[in-house]
Structure formats: C-alpha cells, structure tokens
Amino acid sequence: MASACCSDNEPAFTEEYLKNIVPYYTKLMPLPKLYEWFGYGNPEIFAKREISFTLSNDVYIRYQSFDSFEEFFNEIKKKAPVKIDIGAIYKTKPKIKALGFELTATRKDLVFDIDISDYDDVRTCCNGAGICNKCWKFMAIATKIISAVLKEDFNYEHILWVFSGRRGIHCWVADRHARELTNEVRSAMTEYFNLLKDGNKTKKVVLTGRIHKKIYERAIKIIDEYFMDILEEQDLLGTDLRLRKFLDMIDKGVRKQFQKSMTAVKCSVERWEAFEQTFTELQESDDLKTLKEEIKLQYTYPRLDVHVTRSLDHLLKTPFCVHPKTEKICIPFEAEKVDDFDLEKVPTLSKVIEELKTYDEREDTLPLGLNDYQKTSLTQHIELLERFVNNLEKDDKMKY
Amino acid sequence: MDTNARRRRVHTTVEDTEATLYNHDLSLYPKFPCSEIPLSEFEELAIDRVQLFRIIEQASLKGHKYFSDEWKKCIKDDMMKNNLKKFVRLLSGFNGQTELDIQARRADHISHFILRIAYCRSEELRKWFLARELEWFKIKFVSNSTPSILKFLQLNELNYQTISNEEKEDLKESLIVCTPGMNDVQVMMSEFYKVPFLDVWTLVQKRRVFLKEGYAYIPINDLVVSIQSTFRTTLSSKLVLMNRNLPNLDDERLSNLLCNLHQAYTGNEYTVSNDKDAINPADIDEYSKKHYPLCMRNLHETLRANHHLKHYGRLIYGLFLKAIGLKYEQFIEFWRSEFTKTMDTDAFNKNHLYNFNHQFGKVGKRVNYSPYSCMKIIMSNVGAGDAHCCPFRHFDVGRLRAKISECGAPSEGVSEIMQLVNNGHYQIACTKYFQYTHPQPSSNTINHPNQYFEESMNLVKDKTEKIVS
Ligand code: SF4
Ligand SMILES: [Zn+2]
C-alpha cells in the first residue's frame, strides 16, 4: 500500500538536491561528532566499523571502512552518497571482505526501528510512507514506552531518538553493555518487548499469563495519554467496516451485546463510550479479563521492525543524513519532548543551506566564530547529538 | 583386539581424596581428573557419555516438551534400558555418600573430560557438546532439593546475592506477578536472588522474570539458568583453548576413538538369538545384493573377487554371517570353498581353520563373540588393502557415489546421502540408503549391520506372508 506520490525505487533527485548535498556534508553535517560516536572515541574501532553508501545512481556499496576521519570525510565528499548507513564493528576491518575474508560482527549499538507504515491497518489519516502530526502520536507512544523499558528494566541511559527523515523513528542505545549484546540476546529482548502477534490474526494481543501485568500496565498508562485523541482523530470506529473489525476482536459469546450498544450510536467517541459502558455492565457476570487493555494495545502498542534490532550486522541510516525524497534531515529529538515534535518544522536540505547563506550574507556577523551549523536551524539537534556523545564518552571513561 | 594392556597415566597434582572430590551430584567440573584410567575404561566411559547425550537429544526429537515430566521420564527410562544406571543415580536428588554414589560422580567427571578432548575439535562439535552438557547439568539440578542446591553453591563458591526482606517487601507485588508458578505465600517464603539480566536472558525472552534496572530477580530454582550461563561461558572458552593446545596423541587406538566418537551412533549391542532360521548358503550371493548393508556387501564382494580377506575382514564378516543364521558346518564350508580357490586345503586347515573355529566359539575360551556394531566398524582403523570398513565413512567420495548408484539408489537419493556423509552422519546416510533401496524405510536408525539385514529380510517376509494368507 504505497502512497500515490512516491515509490521507493524511483530516483527523484532534484538538481537543487544534487547541488546542495556536498556543501551540506562539508559544512553542516556533524561528521566529526558522528565519527567520535561510531568509533566510541577510538579511531581503531571506527576503522573496523562498516559504513555503507547508497549512491545517486542507486548503487549500494557495503563493507566499506575508513582508517581515519580524513579518509571517511574525503570519501563522502567524493562520492556524495545520498544515504550513509552504519553497521557493526567487526573483528577485522570490513573492507577486507572484498579480498574474500569472512567477517564476524562483534559490537554495535542496540537499535530499534519503527515505521509508521506498519500502522496502516489502524491509521486513517495517511498510508504508506505518508506521515502527519496525527500519526506522529503513534510514534510518541512508541518513544515513551521503549524509553521506559530501556531505562526501568534494562538500566540503559545513553539513548538517542532520531526521526528517520521520512516515515519513522530510530532509537540508538549506546551504553557499552548494550553494544556488546549478542544476536541471541538482542532477539530475546525484542521478544520480551513485543506484545503483538505477527500475521493476519484479527486479534493480535492476548494477555495470557506469559505477559504479566507489569509490562502492559506501564504501557497502558502511556497509551491512555493519547488514546482518546487517536480514537477521535483517526476516527477508529467511525465506519461500519471499522466497527466490524473492532467487534471481531471480541469473543463471540459476548459480541452481540457490544454490537447492539455500539451500533446504536454513530461517532467514534460515542461508540467507544458505549463499549466501555457495556464492558462495565458485563464485567460482573462474564469474565472479560483484560479485553479493554488488549484492544488498546492492539491499536497503539509499538510495532517494531524486529529484524533491525535482532542482528548485529543489520545497518541503519546515520542520523543527519538527508532523506533523498523528502529532503528532510534525519534529526535527533528529545524523548521527553516528543509531543512537541512538529513534522512540518523538520529542517530540510534546501532550508539549512539557505539559512547558512543568508547568515553569511548579513552585514553584521556577530557573534564571531560561530560554527556553520550554528547559523542554521540544525543547532539544537546537533547540540543534542553532542550531549549524547559527550556523556557517553564520559561514562565510558568512568566505568571502564 | 587387545583389551586393557595399556594404561594412560595422568599426573596427580592435587591430593583430593575421591570422597571429598566427589561429594555432590552436581558439578561444574573445575578440575582435571587425576587418576589412572585403564584404556578400556576410558573407552567405555567415553561411549557411555555419548550415549547419555544421544538419549537426551533423542528425547526432544521424539517430540517431548523440553523439561516436561514426560521428557525427563523418557530420558530416565532410556538410560535404564541402555545400562547407564550409574548416571541415573545422579538424578536421585539424595546426594548420597555411598561408594556407589562416589563412583557414579567419578564416572561423570572423567567422562566429561574425555568428551572435552573429543569434542573440542570443531565449532560444530563444540556446539553440540555444550548444548548437551548444559541440558545434563539442568536435569541434575532440577532433581536436587533446596538444601542440596545451597550446598552446591557453597561448595563451588558461587556467591549469589539474595535480596533483603525489606527489599522483597518493596518489590513484593512485582515479584508475584512476574515470577511464574509462585503465589504470594511462596514468594514471601523463598529467597530471591539478584543477578544481571544477561545471565538469565532466556528467562527475559519468555518474560518469566522480574526485571529492574538491569537486574533480574529470581527464585532459587531459576538460579540454574544463571549457573548454566556461567558454565557455558567457561566451558566454551576452555574448549576453544583445548583445541588450540590439543596434544598429539601417539596412541592410535585412543586417537581413533576420540576422533570418531561423535560419528558413532551408539546403539544396542546386537545379540544373536538361537532360534534364528538357518539360512541357506546358496542364497548368500543373492542376499548380499538385496539385504546386506554396504559394509558387508563390500566384504562379500571382495571375498568373491580375491578369495581372501585380511584378519579384521574375516572376523567382522564371519561374525556377521554367524549372526544372520549360517550354521557351523556351512560356515566352515563357506570359508573353505572360497579360500581354497587360491590355496590348497592343507594350507587352509593349517593357517585358518583354527581361527574360524575360534570365531564361532568352538575352540579356545569358547566365547560367543558379538558381531560388530556400526560404531565399532566406523571407528575402526582401516588401512590400505583392508576391505572391512563402513563405506559411508571410509570410501572416498567418488567411489561411494559410484557404489551407491550402482546398488540402485536413485540420483536424488544419491545426493541426499552424499550430503549426510558430508556432514559426518554416516549411519543416517546408511539409513537413507536403506530407504532408497527398499520399498519402505527401516523402522530405526541403522546402528548395526545385522539390524540392517534383519529389517531388510522382514520386509520380504511381510510380503510373502501377505501373499500366503
Ligand atoms: S552404517 Fe553400519 S551398516 Fe551401514 S554400512 Fe556403515 S557399518 Fe555398515
Ligand atoms: Zn497521518
């Protein structure tokens, strides 16, 4: 169900994009800071990290590695990739793969990837790669729930949230402990986390004994901040078809009663209220267990792309890349302020280049000595990255 | 075959008495054994442990749910059937201190180390071995009572941190909802341990544990998961290390045993029953084509072609023939008529007759020798000019491929069989070969040439019986 405007394969670079991308890499993208992060402050580690490029002619180059910042930087300038992906740190430099050596991945940040298109059976405002501030609420829920699990259950603190530039969000966990997790454990963690069953089941969440209260109660609390808004904005129960889908999740034995009360009214909010009322009435006689929670979770619980998390050698787009189609920049954001995130205001390539130009053309260029990025709307996002990397380095030094 | 003439000496460095060394059924095998073991016992212990591990592996393959009661029962029963009583003793849960208990632990200890030497040789072997060792540890662990687990922790200096009563009170509600199989009373009554979540990630995966700030809170029974993970890490690195420093074994029999242990699918010894129908010597050529496993077919064809077999060839084929029902007189006649094609009768009588009589148990100690099992054949030393061998193990790839297609395996079967051979599954390859050359598969994995023969004959009998009735 791709949206009409764009498919993933057609190269659609404007001339402007091609003109701006190299100046962006050289002047604005915080490559030195990213370099620090990806090598965890150690050039020898960076030299073993896989970096891949997607070129404007759609050629995809994997298993590159760079021995120094200069090499990394110059190659980016030279090739002007439209996308830069970061992979794992290998036992040996991944570039030797070209010579026919086998590679073993040893470390990588723990990553999570959530795509809004995975919510297409719920959201009604957009579909496919489209995303608007209404569907951002699903992303907000995901951000909060995942952050809570990572901090409260696993004690991780070096977490960076990033808007992917198009249709989703990425979460990077860089604690040393997290970097060293094996594939097995990463996979186990996704299972711990995931409450939704795969496949085309009508009912994707069943809270059996194996999914204990502690996990879903925390999630429900977060979901409840958004649920009524989503219900209304997405008009979740506004048509007969949507109502039927909703009723399908309810056990046959009691479905009739719900159907009766819910069809008696028309709009989503009224229908939900009818549901709640019937729920309370029936709860005493029938054992409805956690039906209400299950329904909420089914609509809004984070839908992870588990493949990205599970394996060490999976690549993920580098923050601050420019999405070639939307021209939006892949910017970090603060989890606590996820509700204030405005998709309309995400800096784009042409905008930041323009900002830089305007600034430099001003008569008074005070204060002096600003970095180029500080002249643009990237500032706060780059500062976020800097804080993240500096804290990480401090912690690495302190603890190890 | 020599039995226990040679002994291996392992230097004693620690003066533990067996009673203090072997005082608990559970062990993480921290120290190398330091006693002298006759080679025959060495061999026996190695095979016993492989057999134990195969039994454990089989239980899951048979479809029993992992660590369910049926699974455990199936393992115990199979252990009893296969004469592994000493290992069953380690599952009693009593932690007895009798001589028998100590001997059982000694066997457990020594066999563990023998298998380390045998299984450190490749990634694949290490993986299999590790998985079974961990299962074996857990089976023993779950049989133990709480006091004896505590004793084990203490003996092994495993200092797991229990949480204080105040902390438990604080976390009470979470512990109750997150710890399966425990109600509030049980939670309050039992000790909880606090371990890094990574140590029990399998519990995390199943959400069977309460997590807080990177720690998992587990009751004593779940400690096994954490101990297993430590055990896995140490054992795994020790195996890798051992592989690097593997000594050159000058003893051929020993190195043969160790190199081939895993390929040997231990099966029951085949016993010759006396009420077997006699076979007609005139049928042997036909049988060899239709009902013999490849090893025996190879021996038979070599004998017909050369009118001679070397020592082990004569022994292995002879015992096989006896076991399929060739009677004594005909047995002697069979060899005589073939051998005398190249030598005169006197020479045969002088050089070979005694040996054949001995084989049949007619002279000397009058032992009723058992025919060779697959395991023995697969592990035997095959020199140039020897016809005794397991073709799946000993033929080179081209020769084997040609032979099995000559014998009637269809081409898709040939590649499937070759694939199995490639992965070292010789007996499974033989089982497949049976399947491709018979109207229906054998009822069990082939572990004995005589079993192969019998299963093959049964298919014919079934048919004739059906025709008759
Ligand atoms: S697997 Fe056993 S029966 Fe089959 S050929 Fe080898 S030794 Fe003979
Ligand atoms: Zn939308």
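Heavy-atom basis, side chains included; hydrogens, waters and symmetry copies ignored. Since the model is a prediction, treat every value here as computed from it, not as a measurement. Chain letters run A, B, ... following the sequence lines, proteins first, then strands; residues in each count from 1.
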Practice task
Return yes if a side-chain donor-acceptor contact under 3.5 Å exists between A:Y40 and A:D109, otherwise no.
Solution key: yes

Practice task
Go through the atoms of A:L150 and report whether side chain, backbone, both or neither lie under 4.5 Å from a heavy atom of chain B.
Solution key: neither

Handout entry: Residue A:F193 versus chain B: region with a heavy atom under 4.5 Å
Key =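 A:F193 touches chain B through backbone heavy atoms alone.
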
Exercise for the section: Evaluate the criterion salt bridge (charged side-chain N to carboxylate O under 4.0 Å, His left out) for residue pair B:E213 and A:K151; output intermediate values, then yes/no. Expected result: CA-CA 7 Å; B:E213 287 161 8; A:K151 286 182 190 157; over 6 Å; no

Handout entry: Per-residue contacts, residues 167-176 of chain B versus chain A, heavy atoms under 4.5 Å
Key = B:E173, B:S174

Problem - Rounded distance (nearest 0.5 Å) linking atom OH of B:Y193 with atom CG of B:L223 - result: 5.5 Å

Exercise for the section: Hey, could you give me the CZ/NZ distance between A:F101 and A:K95, rounded to the nearest 0.5 Å? Expected result: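 So the gap between those two atoms works out to 13.5 Å.
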
Problem - Pi-cation contact, B:Y215 with B:K194 (under 6.0 Å, within 45°) - result: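 Yes - B:K194 lies over the ring of B:Y215, closer than 6.0 Å to its centre and within 45° of its axis.
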
Practice task
Please confirm whether A:K48 makes a cation-pi placement over A:Y90, using NZ or CZ under 6.0 Å from the six-membered ring centre and within 45° of the ring normal.
Solution key: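 Ring-cation test returns no.
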
Handout entry: A:Y119/A:F138 aromatic ring centres below 6.0 Å
Key = yes

